[in-house]
Colleague: 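Structure provided below as structure tokens; questions to follow.
All values reported here derive from a predicted model rather than from experimental measurement. Below, each value reflects all heavy atoms present in this structure, side chains not excepted, and no hydrogens, waters or symmetry copies. Numbered from 1 within each chain, the chains take letters A, B, ... in sequence-line order.
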Amino acid sequence: MAAKDFAGREKELEMLSNYMDDANAGRATYVFISGESGMGKSRLADEFTSRLRSSAHVLRHRNTPGERSVPFAGLRELLTQCKREKVGGPGELVKLRDILDAKSKGKGDLKKERDVLQSGVLAFFAEASKLKPIVISLGEVQWLDESSVAMLQRMVHDLRKSRVLLIGTYCPDELEDSAGNALPFTEALASMLVEGLVAMMPLDRLSEERTGELVAQRAGLKRPDPNLTRLIFAESEGLPLFTIEIVDSLLESGILDPEKKGMAKGFDASKFKMPKGVKEAIGERLDALHADVREVLSSASVLGNEFHAKVLTKILSAPKIVIGSALAELVSRKLIIEVTGAEEETYRFAHSKVQQVAYARLGKSVAAAIHAKAAKALLSIHPEVPEWVAYELVPHLSAAGEHEQAAKYCRKAAAFATNSHAIEEALRYYKMALDSLTKVQPSRGRDLAEADTLVELAGVQYSGGEWDAALASYRKAFAIGEKTVEAAAMSKASAGLGEVLRFRGDYSEAKINFRRVLDLAIGSEDDLALAVALKGLGYIEWRLGKFDEAESHYTKAYEIAKRLNDSVLLGIVTLERGNVCTARGDLAGAERGYRESIAFTQSGEDAFTLARAYNNLGDISLQRRDWTSAISNFEMCSGIARSICNHDLLGWSLFNLGEALAKKGELDKAEAACVEALAILSKLNDRTGIAGIHKNLGVVHSLRGDWKKAEKSFSESARMEEEMNTPHALAETYIEWGEALARKKDMTGAREKLTHAIELADKIDAKEFARRAREALESLK
Amino acid sequence: MTSELSRKLQNVMSREMGQLGKFIVQKQCKDLGIDSEEIKPENLPQLAKAFSKVMVTFGGEAKAQNIEREIRKLAG
């Protein structure tokens with residue numbers, strides 16, 4: 001039996017059924033229902049999904065405007081439903097738990113980490129839908145946060161052959177922000193539509209006949225009453241929500257009497273004043289409420305479309321029992337709905353329009369006061385400020401005009417967002433924090449908070465690959481530090497500048513900044529900053545080939561880090577000191593450094609450095625021709641790199657692993673490692689790595705006796721290295737190529753390649769390569 | 001400043017799709033290498049065809065054909 005507020009959408013239900021058939025056949029379908037507010041979009045989606053019963057897993061989430069600022073709000077909810085309802089087999093559920101628990105490990109590239117996470121979600125849906133089709137009902141998709149939109153777009157592009165049906169609903173006049181800019185979902189929808197990847201279902205208003213059916217259902221009449229229908233249709237013009245509001249209003253005022261199958265006796269239609277719109281109709285219903293009940297609803301409207309009874313009770317001064325009975329009355333009047341399955345007592349407005357009308361009637365100053373109470377209530381219930389509370393506090397504090405506090409919780413929200421791989425949201429929260437600070441009375445404390453926010457913002461910009469923006473933020477922070485003569489602010493900003501600049505290869509500018517950190521740290525006796533500066537300077541001197549200076553900086557940094565008992569810093573310093581030894585040809589010293597680094601980092605605090613240490617240790621083993629040890633070290637590195645989603649490091653460790661395996665004669669494994677590395681480094685367009693992999697593949701093919709393939713791989717490697725003008729790498733390729741030709745007994749070819757390698761090595765004074773090439777050439781005789 | 005033709009095209013698409021229309025024009029023009037603020041009469045046939053494809057998804061074949069015709073005639 002149809003529900004009491006649904007009629008006239010048979011054609012649309014049939015279309016959705018057809019889309020379900022497509023999904024069942026393994027053709028994932030993404031359909032978006034659009035229509036003005038009150039058109040019955042969500043109601044249609046709910047009706048369709050409720051008719052599916054157990055033939056599919058149905059996941060539901062209705063977004064709210066507030067969720068635009070909550071990273072992955074909808075996705076998290078959907079995945080939690082999957083976990084609760086055991087969607088997929090045991091294997092998928094384990095993967096799901098990993099996805100839900102995933103947090104940024106730092107030190108890696110945030111965007112790459114997110115990419116891996118998204119792939120995990122898609123793989124989950126693809127696998128789980130094999131067991132049973134999955135229907136995702138997403139209401140009000142225009143309010144999706146930026147990270148969820150990116151996820152949705154990826155899903156639409158990549159998840160095509162799965163038993164998934166996604167039904168999204170959106171309001172076509174809510175696709176822009178107040179400045180007329182597209183919301184994140186708008187741009188994504190435009191793009192998906194142009195690419196022909198999604199289906200659209202615009203809803204029309206109901207005809208008079210269908211309106212009559214809806215009126216009869218809602219009023220509990222056996223059949224539509226033509227006079228009543230005409231009266232209502234003339235005002236509602238076929239808008240379902242308006243129709244329902246008018247019927248409810250007529251029922252509540254006793255004008256409409258289902259017992260008597262129609263209008264109450266003596267009703268004069270000409271004297272009856274119909275509401276002029278949905279807002280007025282809702283307003284009339286709110287006016288009819290008792291003042292206490294109306295106050296509960298008004299306060300609830302400040303909490304958003306969905307609210308917790310516990311928070312509401314804290315805001316209101318009325319006794320619990322009064323609030324409880326008010327909520328019960330609001331439910332019975334169909335103004336709010338109790339959310340089933342929620343962990344704590346939760347309610348949702350029956351329609352977003354009800355919440356909007358209730359909120360609009362409050363007036364700005366009353367709303368601001370309730371927002372302030374809401375923030376206070378949230379903080380008293382959740383003093384530890386978990387992630388969702390931080391996100392909720394921001395709009396309350398902003399609306400309450402408590403800008404200093406708003407900035408504080410914006411920064412907290414940004415940190416949570418960063419941790420959840422929601423880079424865009426993190427950046428937005430930091431910018432909101434800065435904006436809030438502009439509204440705070442000027443003071444030294446305000447300036448320092450701004451400098452700290454800028455440093456944190458720069459850190460996210462840097463991890464997200466926005467290096468220019470990071471430099472600009474660090475520079476602004478430094479300028480504030482200079483203005484306020486605050487050494488700590490200047491030091492943090494300079495350390496950040498040094499870090500970005502050194503990765504850019506701008507060593508002279510980086511050095512200036514690290515020197516500044518050093519001077520400031522000495523002046524303020526800040527040991528940690530001193531160690532960071534020395535470490536940065538050590539790296540630059542190593543890169544510039546000034547090994548004595550590098551070693552001296554690292555040794556000092558090591559002593560300070562040891563005194564501070566900072567294992568993360570110790571791990572990095574010992575690893576980089578090992579690099580200096582490697583560059584000097586001191587393999588024993590290098591090994592000592594890398595092993596020390598492993599000892600400091602293996603507790604897991606800095607997985608990135610741990611992975612690097614294993615990789616560099618593997619390199620030492622390669623140079624010593626200890627293939628077994630090299631393989632074990634590279635495997636350790638690739639395992640860690642995979643777990644922290646650092647693709648660059650993973651690609652390089654697999655590339656190195658391929659070389660070690662090839663040298664040991666494990667050719668199939670070597671080829672597999674090289675192929676995976678090639679895929680990863682090609683995606684990153686790391687040409688140095690790609691050329692090296694071709695060289696390794698040349699070795700693998702030649703050891704197999706597949707000369708044609710070997711020739712092709714070596715040629716490709718040499719071509720790229722010539723193009724990049726990297727004589728060091730090219731010399732190595734010619735050595736391997738020459739040795740391969742020698743195995744083929746092509747002595748002329750081998751002689752030619754090895755001679756070329758010697759010429760190259762001599763030219764750049766690469767003694768080790770020159771020696772190896774000469775030895776190989778000698779052995780030909 | 002938006003050209004007269006760009007404005008007319010945006011009006012047609014907004015009438016059919018609401019706020020989304022404006023962004024569809026921007027996206028489609030970008031893909032076709034056309035400046036959405038400076039649409040020229042010679043761009044219309046290509047754009048009419050492209051928008052007609054989008055409209056099929058939105059309002060069916062007949063509506064799509066009408067839109068295609070309407071856009072082709074926009075230059076006057």
Colleague: Does atom CD of A/Glu14 have more than 12 heavy-atom neighbours, drawn from other residues, nucleotides or ligands, at distances under 6.0 Å?
Modeller: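 Open.
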
Colleague: Chain B heavy atoms under 4.5 Å from A/Glu174: which part of the residue, side chain, backbone, both or neither?
Modeller: backbone

Colleague: Once rounded to the nearest 0.5 Å, what's the spacing between atom CD of B/Gln28 and atom OG of A/Ser191?
Modeller: 10.0 Å

Colleague: Measuring heavy-atom distances to chain B, does A/Asp204 have an atom under 4.5 Å in its side chain, in its backbone, in both, or in neither?
Modeller: neither

Colleague: Please determine whether the number of non-hydrogen atoms from other residues, nucleotides or ligands lying under 6.0 Å from atom NZ of A/Lys353 exceeds 12.
Modeller: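 Count over threshold, so yes.
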
Colleague: Between CG of A/Leu193 and CZ of B/Phe58, what distance do you get to the nearest 0.5 Å?
Modeller: 6.5 Å

Colleague: So, for A/Gly180 and B/Phe23, which heavy atoms are closest and what is the spacing to 0.1 Å?
Modeller: O-CZ, 4.1 Å

Colleague: Between B/Lys22 and chain A, with a heavy-atom cut-off of 4.5 Å, which part of the residue counts as in contact: side chain, backbone, both or neither?
Modeller: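 Only the side chain of B/Lys22 comes within 4.5 Å of chain A.
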
Colleague: Do you know which of A/Asp173, A/Val198, A/Leu189 has the most heavy-atom pairs with chain B at a distance under 4.5 angstrom?
Modeller: A/Asp173

Colleague: Using non-hydrogen atoms and a 4.5 Å limit, figure out which bit of A/Phe32 sits close to chain B: side chain, backbone, both or neither.
Modeller: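 Neither part; nothing is under 4.5 Å.
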
Colleague: So among B/Lys30, B/Lys53, B/Lys27, which one has a side chain to side chain contact (heavy atoms under 4.5 Å, CB included) with A/Val194?
Modeller: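 The passing option is B/Lys27.
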
Colleague: What distance separates B/Leu20 CG from A/Glu176 CD, expressed to the nearest 0.5 Å?
Modeller: 10.0 Å

